Protein chains: 2
Amino acid sequence: MTRILVVDDEPQIVRALRINLRARKYDVDTAPDGASALHAAARQHPDLVVLDLGLPDMDGTEVIRGLRGWTVVPIIVLSGRADSQDKVDALDAGADDYITKPFGVDELLARVRAVTRRGQTAGEAVATITIGESVIDLGNRSIIRDGTDVRLSPTEWRLLEHLLRHPGKLHSQRALLHDVWGPQYLTESNYLRQYMARLRRKLEIDPTHPRHLLTEPGMGYRFRP
Amino acid sequence: MTRILVVDDEPQIVRALRINLRARKYDVDTAPDGASALHAAARQHPDLVVLDLGLPDMDGTEVIRGLRGWTVVPIIVLSGRADSQDKVDALDAGADDYITKPFGVDELLARVRAVTRRGQTAGEAVATITIGESVIDLGNRSIIRDGTDVRLSPTEWRLLEHLLRHPGKLHSQRALLHDVWGPQYLTESNYLRQYMARLRRKLEIDPTHPRHLLTEPGMGYRFRP
DNA sequence: CGCCGGCGTCAAAAGCGCGTCAACAAGCGT
DNA sequence: ACGCTTGTTGACGCGCTTTTGACGCCGGCG
């Protein structure tokens, strides 16, 4: 299920988008201003952000920059102003698309499909990965081990996915905490210890001697294929 | 250099785009109709396609479908029609963005930057350095020697990285101590002796006769490729 | 020929990162 | 309201990294 975070301060627009998106089987969260949008994104890790530029508390491009500091989640900007400079600023700040109000719902939905389509094809390259006797399907979010399927919590999935996206690459603790938990958890290394241990118990043949989910003392963690 | 294929049957628009894109250091190819566009894309593998929907020989969405059959190259659609249904059709056929004429050149350029931005993050070149029989990947922070991987502690990594960043350059002991351990360790040369020995044991074929991690007596240390 | 500073090496102590266990809080479906 | 899953937090001990000290070798120099 694709999670979409809608950021807008006009209740009727939020309501209209929520209804239309829910009808298309999207999971919708909402935020009324920039600060709560950044907080919600860090907490819920949406797959797409629909952002109105006219927010009460901060400039829209600042919200984009705040998101781009730590995530590459697609961002579609809504704006009442058709000024060319506004579009350039938002796109260069990191937005993926820019729609001028008033807009047709059909067009927005089509652009939602367009930007989410790219994210899917990017992850498709690493469709299935094997760790020990576990076969991991990132696309379907499923793991099969010894014929039975293994269940992972959302946080476990995000952590595992970050490690698997770049096989062999060392991920520093700060980077993992930043990407999985959010910018304000950079020093909570006990989270990492806890969840790496869970992943090893669920995936490694011998969790006390991991062969694929490796620790580099003082450096971070690494997935070895 | 990013290669852009511009598909349009109006010579003045093609000319304007070519001038503006060339000025931004893009490599520009052009095609006047759908058939030659498909042919050019297959032959030149552009990094981006700018496609006018109003082509003389075939429908624009057919061109998009023809491209999407074998490539995921980003496609930006130009169109004179602001009809919502046209946008939906083009985007669902596989276009990445849709701009309605008349459009500002600044906006087009910003959208070009937006769609090319994603592709860049995927394909990053890996710089790899060889010492004896050890292959060092600074990006992934990994070393492979004789098929098995070598583990380095954080201090060992920092020291090795400083030497490798400037091949052939002589690093004084004071400079290395300052950069690796900090300003208050400038005289602790025994640290350097200790850690240079550890690096040689892990990387050099014959640690007692180093061929790449060299000592310049009285001067400092040097990495010879 | 003997002294001396610089360097490589070994060994052991000190410090800290990491794995692990345990317990509690917060949702969430039943 | 209850039980289950998930997320959060604290504490402890082992093992690795870092730090520290000491010794021997070698070349330069008086």
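Here the structure is a predicted model, which means the values were calculated and not measured. Letters A, B, ... are given to chains in the order of the sequence lines, protein chains preceding strands, and every chain is numbered from 1.
Atom CZ of A:R200 and atom C1' of C:dC21 are 16 Å apart (whole Å). Computed from coordinates, the A:R158 CZ to D:dT6 C1' distance equals 12 Å when rounded to whole Å. Protein atom CG of B:L152 is 10 Å distant from nucleotide atom P of D:dT17, rounded to whole Å. Rounded to an integer number of Å, the gap from CE of B:M219 to P of C:dC7 is 11 Å. Taking atom CG on B:L213 and atom P on C:dC7, their separation rounds to 16 Å, with Å as the unit. Atom CZ of A:R198 and atom P of C:dC18 are 19 Å apart (whole Å).
Taking the six-membered ring where the residue is Trp, A:H171 and A:H166 present tilted rings, their angle falling between 30° and 60°.
Electrostatic pairing of A:K101 and A:E10 counts as a salt bridge here, judged by a charged N lying under 4.0 Å from a carboxylate O.
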Would you list the protein and nucleotides 20-22 of chain D atom pairs, both N or O, that sit under 3.5 Å from each other?
{"residue": "D:dT20", "atom": "OP2", "partner": "B:Y191", "partner atom": "OH", "Å": "2.0"}

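Closest to the side chain of B:Y195, from the set D:dT19, C:dC7, C:dC18, is D:dT19. Ranking C:dT9, C:dC21, D:dC16 by closeness to the A:R201 side chain, first place goes to C:dC21. Candidate nucleotides C:dG19, C:dT9, D:dT8 were compared by shortest atom distance to the side chain of B:A197, and C:dT9 ranks first.
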Item to check | salt bridge (Lys or Arg N to Asp or Glu O under 4.0 Å) between A:E216 and B:R141, intermediate numbers included | outcome: CA-CA 10 Å; A:E216 303 281 346; B:R141 282 227 135 79; over 6 Å; no
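Take B:R211 and apply the salt bridge (charged side-chain N to carboxylate O under 4.0 Å, His left out) test, not counting sequence neighbours, and it matches no residue. In terms of the ring pair (Phe, Tyr, Trp, His ring centres under 6.0 Å) criterion, residue partners of B:H45 (sequence neighbours excluded) are, by chain and number, B:W70. Partners of B:Y221 under the ring pair (Phe, Tyr, Trp, His ring centres under 6.0 Å) rule, at least two apart in sequence or in another chain, do not exist in this structure.
Contacts of residues 161-179 of chain B with DNA chain C (heavy atom under 4.0 Å): B:Q173.
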Next on the checklist: Using a 4.0 Å heavy-atom cut-off to protein, can you give one letter per nucleotide of nucleotides 25-30 of chain D, 5' to 3': B if the base is in contact, S if only the sugar-phosphate is, - if neither?
Outcome noted: ------
